[in-house]
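First the structure, in the form of structure tokens, and then the observations on it.
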Amino acid sequence: MSEITKPSLNFIEEIIEEDLKSGKHQGRVHTRFPPEPNGYLHIGHAKAICINFGLALKYGGKTNLRFDDTNPTTEDTEYVDAIKNDVNWLGFQWEGEALYASDYFSQLYEYAIDLIKKGLAFVDDSSPEEIAEMKKNPSEPGIDSPYKSRSIEENLQLFQDMKAGKYPDGSKVLRVKVDMASPNMHMRDPIIYRIKHETHHRTGDQWCIYPMYDFAHGQSDSIEGITHSLCSLEFIHHRPLYDWLIQKLDIFPSRQIEFARMNVTYMITSKRKLLKLVTEGFVTGWDDPRMPTISGMRRRGYPAEAIRTFCDKAGVAKRDNTIEIELLESCVRDVLNRTADRKMVVLDPIVLTITNYPEGKSEVMFGDANPEDENSGFTEMPFGRQLYIERDDFMEDAPKKYFRLTPGGNVRLKNAYIIQCDNCIKDENGEVTEVLATYFPDSKSGEDNSGIKAKGTIHWVSVEHGVPCTVRNYNRLFTVPNPDDFEEEGKSIFDFYNPESLIINENAIMEPALKGAVAGTQLQFLRKGYYVVDADSTEEKMVFNQTVSLKEGW
RNA sequence: UGACCCAUGGUGUAACGGUAGCACUACAGAUUUUGGUUCUGUCUGUUAAGGUUCGAAUCCUUAUGGGUCAACCA
């Protein structure tokens with residue numbers, strides 16, 4: 001409306017706005033997300049979900065969730081619930097009940113009969129090999145099947161017999177008569193029905209013939225009144241057939257629009273390869289936090305909101321693209337910075353003793369729960385003479401730019417006192433086992449009159465009160481950004497598996513307030529990164545997964 | 001070697017014949033009781049060659065490069 005701030009539209013939005021302007025479909029926008037229930041959803045699906053649901057939301061339309069279940073041999077109900085759950089978790093709700101292409105099997109059968117009656121479809125007895133042979137190749141026109149000239153009556157009878165189960169799998173197919181000379185292979189009398197004596201996850205043994213994708217998808221779109229049917233670029237060659245069938249059937253004209261699917265560095269989306277990562281034990285399961293699956297990202301602690309803004313920022317276009325995972329991580333940090341409470345956890349502990357702090361004394365220190373959120377309140381944590389600090393927050397011989405603990409140097413203990421490092425104790429191997437320091441009593445956080453300024457600030461956990469926990473840290477799953485790029489060199493993605501993709505701190509120490517935190521709780525471990533409470537946590541020992549590290553400087 | 005799709009900094013995406021912008025990344029600086037956040041700045045771009053035009057990233061042609069299509073998969 002406002003010409004002043006004209007937001008730039010992607011090409012799909014442009015098409016929709018043109019349709020809206022011309023009054024097409026009475027200004028209705030209806031999209032659909034059509035997963036095949038034969039695997040878990042991944043980042044690529046997330047993109048498709050965000051586009052389809054996002055567009056409907058933007059233009060006051062609706063989005064259907066429709067399971068594309070036309071192949072009983074690969075599909076299973078097992079995936080249906082997981083897919084629904086993932087869509088909901090991402091923050092979207094489909095229109096009405098979930099739909100299934102299999103809901104339309106009877107209608108589709110009628111459509112096929114209609115085509116036969118119009119002389120546009122025929123039953124072919126040729127073998128798969130013979131059919132492939134007759135189709136020839138893209139640069140050479142195909143030749144007609146010898147069965148193409150059967151009469152309408154014969155085709156009708158044969159097709160009914162196919163449905164009745166009179167023929168074995170693979171013995172006959174129903175094809176449409178389009179154009180065997182077309183340079184588009186999908187137009188060379190494509191198969192629209194095949195025989196499969198197989199139990200379907202929803203229709204059971206009711207059918208032994210099943211429609212092909214090309215005779216199910218577009219027709220389902222049409223039946224549902226889908227106005228804009230969005231799919232990935234690889235389906236572009238199917239569009240002429242999509243339109244041809246709708247026209248010949250004279251049904252609601254849904255429009256297919258193709259966009260480039262999104263690739264992300266260090267992530268793969270091949271169903272086969274993902275499965276292999278799981279079965280070969282490279283990861284612990286489909287929801288391993290290193291997996292690019294929606295369930296994996298959820299367990300990793302990525303907020304749904306961050307995934308949505310990521311898909312939005314990645315944009316929509318028709319050129320091949322690979323988004324850097326850093327953009328995703330940036331979106332994740334952006335959300336978590338505002339929402340995650342800060343906690344102190346020492347991942348690799350070493351003892352710090354404050355020699356001038358009274359033995360047996362203990363105080364409670366206060367700090368902002370989240371300095372970026374004024375409504376977050378504050379947290380409190382017990383302080384004492386002995387604290388755990390990170391091993392790498394002490395350095396005996398430190399470079400100039402190192403401003404943490406080093407003999408003679410000062411550092412602020414976050415939310416507590418400034419201390420001066422005096423010395424350290426080493427074992428027989430020269431390993432530092434304890435750091436000794438003195439504190440400045442008048443430097444307490446919030447009431448600092450010391451006038452001392454500390455170079456850096458470090459986090460800590462009281463030895464007396466700290467609780468052991470497990471912290472799982474994650475690095476990139478692969479050692480190269482695009483492991484798929486090396487297939488021509490004979491290398492597989494597994495050659496680039498990063499053995500350090502999971503690093504576990506079994507002896508981390510957390511502040512006591514973390515006890516009993518609920519799985520899924522997102523936190524910032526001060527100076528370390530964002531972490532989420534994992535469902536593996538027990539009464540005895542909490543388990544945290546690293547979501548993403550903090551950006552690291554120096 | 002048939003047809004189709006695509007080509008803007010390192011990555012992604014705008015500019016719809018009229019100043020090549022934004023985000024992420026990288027780097028530098030300021031602020032900071034998180035080496036986080038925030039703020040400021042810097043680097044890097046229209047695949048090429050012709051043509052149309054007062055003017056081209058944008059329109060036309062050709063070339064080059066990348067991708068897709070020949071499953072009874074979706």
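This is a predicted model, so every value here is computed, not measured. Order of the sequence lines fixes the chain letters, A, B, ..., with proteins taken first and strands second; residue numbering starts at 1 for each chain.
On a pure distance criterion of 3.5 Å, a polar donor-acceptor pair joins the side chain of A:Glu324 and the base of B:G10. Within 3.5 Å, a donor on the side chain of A:His238 pairs with an acceptor on the base of B:A74, or the reverse. Residue A:Arg319 places a side-chain atom within donor-acceptor reach of the base of B:U8, judged by atom type and a 3.5 Å distance cut-off alone. With hydrogens and angles left out, the side chain of A:His459 and the base of B:U34 share no donor-acceptor pair within 3.5 Å. For B:U11, the base has no donor-acceptor partner in the side chain of A:Glu326 [N/O atoms by modelled type, under 3.5 angstrom]. Not a single donor-acceptor pair, N or O on each side, falls under 3.5 Å between the base of B:U34 and the side chain of A:Arg527. Residue side chain A:Ser445 reaches the base of B:U33 through a donor-acceptor N/O pair under 3.5 Å, judged by distance alone.
Among the protein residues, A:Gly446 comes within range of the nucleic acid bases, having at least one heavy atom under 4.0 Å from a base atom. Note on A:Tyr210: nothing from the nucleic acid sits closer than 4.0 angstrom, heavy atoms only. Here A:Asn415 lies in heavy-atom contact (under 4.0 Å) with a base. Within 4.0 Å (heavy atoms only), A:Asn184 reaches no atom of the nucleic acid at all. Using a 4.0 Å heavy-atom cutoff across all strands shown, A:Leu550 reaches at least one base atom of the nucleic acid. Within the 4.0 angstrom heavy-atom criterion, no nucleotide atom of any strand lies near A:Ser171. Using a 4.0 Å heavy-atom cutoff across all strands shown, A:Gln524 reaches at least one base atom of the nucleic acid.
Against RNA chain B, the stretch residues 370-378 of chain A makes heavy-atom approaches under 4.0 Å through A:Pro371, A:Glu372.
Comparing B:C27 with B:G10, their C1' atoms are spaced 13 Å from each other, to the whole Å. Of the P atoms belonging to B:U61 and B:C6, the separation is 14 Å, rounded to the nearest Å. Across the C1' atoms, B:G67 and B:U47 are found 16 Å apart, a figure rounded to whole Å. Remark: the separation of the P atoms in B:U13 and B:A56 is 26 Å, to the nearest Å. To the nearest whole angstrom, the two P atoms, one in B:G36 and one in B:G18, are 43 Å apart. Separation of the P atoms belonging to B:C72 and B:G66 is 30 Å when rounded to the nearest angstrom. Of the P atoms belonging to B:C24 and B:U19, the separation is 25 Å, rounded to the nearest Å. Taking atom C1' on both nucleotides, B:A28 is separated from B:C43 by 11 Å, rounded to a whole Å.
Looking at A:Arg188 and A:Glu133, no side-chain N of the basic residue comes within less than 4.0 Å of a carboxylate O on the acidic one, giving no salt bridge. The pair A:Asp103-A:Arg202 meets the salt-bridge criterion, with a side-chain N (NZ, NE, NH1 or NH2) lying under 4.0 Å from an Asp/Glu carboxylate O. One finds a salt bridge joining A:Lys172 and A:Asp125 here, because a Lys/Arg side-chain nitrogen approaches an Asp/Glu carboxylate oxygen to under 4.0 Å.
Closest of all the heavy-atom pairs between A:Asn155 and A:Phe122 is OD1-CA, 3.5 Å. Contact record, A:Val123 with A:Tyr147: O-CB, 3.6 Å, taken as the closest heavy-atom pair.
Pair check for B:G36 finds none; no Watson-Crick or G-U wobble contact set falls under 3.5 Å. With a cut-off of 3.5 Å on both Watson-Crick or G-U wobble distances, the partner of B:G12 is given as B:C22. Nucleotide B:C59 forms a pair with B:G51, judged by Watson-Crick or G-U wobble geometry with both contacts under 3.5 Å. Nucleotide B:C72 forms a pair with no other nucleotide shown, judged by Watson-Crick or G-U wobble geometry with both contacts under 3.5 Å. Across all strands shown, B:U64 forms a Watson-Crick or G-U wobble pair, both distances under 3.5 Å, with B:A7.
In this structure, A:Tyr193 atom OH and B:A71 atom C1' are separated by 19 Å, rounded to whole Å. Rounded to whole Å, atom P of B:C69 lies 16 Å from atom CZ of A:Arg239. Note: CG (A:Leu327) to P (B:G10) measures 18 Å, nearest angstrom. In this structure, the CG atom of A:Asn337 is 11 Å from the P atom of B:C39, given to the nearest Å. The nearest whole Å value for the distance from the CG atom in A:Asp320 to the P atom in B:U68 is 7 Å. Taking atom CG of residue A:Leu413 and atom C1' of nucleotide B:U34, one finds them 13 Å apart after rounding to whole Å. At whole-Å resolution of the value, CZ in A:Arg342 and C1' in B:U34 are 8 Å apart. Distance, A:Leu347 CG to B:U34 C1': 14 Å, rounded to whole Å.
OP1 or OP2 of B:A74 has at least one side-chain nitrogen or oxygen of A:Thr70 nearer than 4.0 Å. Within the 4.0 Å cut-off from OP1 or OP2 of B:A74, not a single side-chain nitrogen or oxygen of A:Arg66 is found. OP1 or OP2 of B:C73 lies within a sub-4.0 Å distance of a side-chain N or O belonging to A:Arg194. An OP1 or OP2 oxygen of B:U25 is reached within less than 4.0 angstrom by a side-chain nitrogen or oxygen of A:Lys551.
Atom-to-atom distance recorded for A:Lys414:NZ and A:Met365:CE is 13.0 Å, nearest 0.5 angstrom.
With distances taken from any side-chain atom of A:Pro138 to the nucleotides B:A70, B:U33, B:A23, the minimum falls on B:A70. When each of B:A3, B:C73, B:G35 is scored by its nearest atom to the side-chain atoms of A:Arg404, the top-ranked nucleotide is B:G35. When each of B:A23, B:U25, B:G35 is scored by its nearest atom to the side-chain atoms of A:Lys313, the top-ranked nucleotide is B:A23. Of the candidate nucleotides B:U34, B:G2, B:A74, B:A74 has the atom lying nearest to any side-chain atom of A:Glu234. Listed nucleotides B:C5, B:G35, B:A74 differ in distance to A:Ile236; the shortest reach to its side chain belongs to B:C5. Distances were taken from every side-chain heavy atom of A:His186 (C-beta onward) to each of B:C24, B:U37, B:C69; the shortest belongs to B:C69. Relative to the side chain of A:Glu36, the nucleotides B:U68, B:A74, B:G12 differ in distance, and B:A74 lies closest.
The 5' end of RNA chain B is approached more closely, in terms of each residue's nearest nucleotide, by A:Lys318 than by the other of A:Ile323 and A:Lys318. Where A:Ala132 and A:Ala317 each meet RNA chain B at their nearest nucleotide, the meeting point lying more 5' is that of A:Ala317.
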Can I get a per-line list of side-chain donor-acceptor pairs under 3.5 Å for residues 323-331 of chain A, giving both atom names and the distance, sequence neighbours left out?
{"unit_1": "A:Glu329", "atom_1": "OE1", "unit_2": "A:Arg476", "atom_2": "NH2", "d": "3.0"}
{"unit_1": "A:Glu329", "atom_1": "OE2", "unit_2": "A:Arg476", "atom_2": "NH2", "d": "2.2"}

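Aromatic ring centres of A:Phe525 and A:Tyr530: separated by at least 6.0 Å.
In this structure, A:Asn64 contributes its side chain and A:Arg66 its backbone to no donor-acceptor pair below 3.5 Å.
In this structure, a donor-acceptor pair under 3.5 Å is present between the side chains of A:His217 and A:Arg32. Residues A:Thr31 and A:His228 have side chains that never bring a donor and an acceptor to within less than 3.5 angstrom of each other.
At least one side-chain heavy atom of A:Asn38 sits under 4.5 Å from a side-chain heavy atom of A:Lys271.
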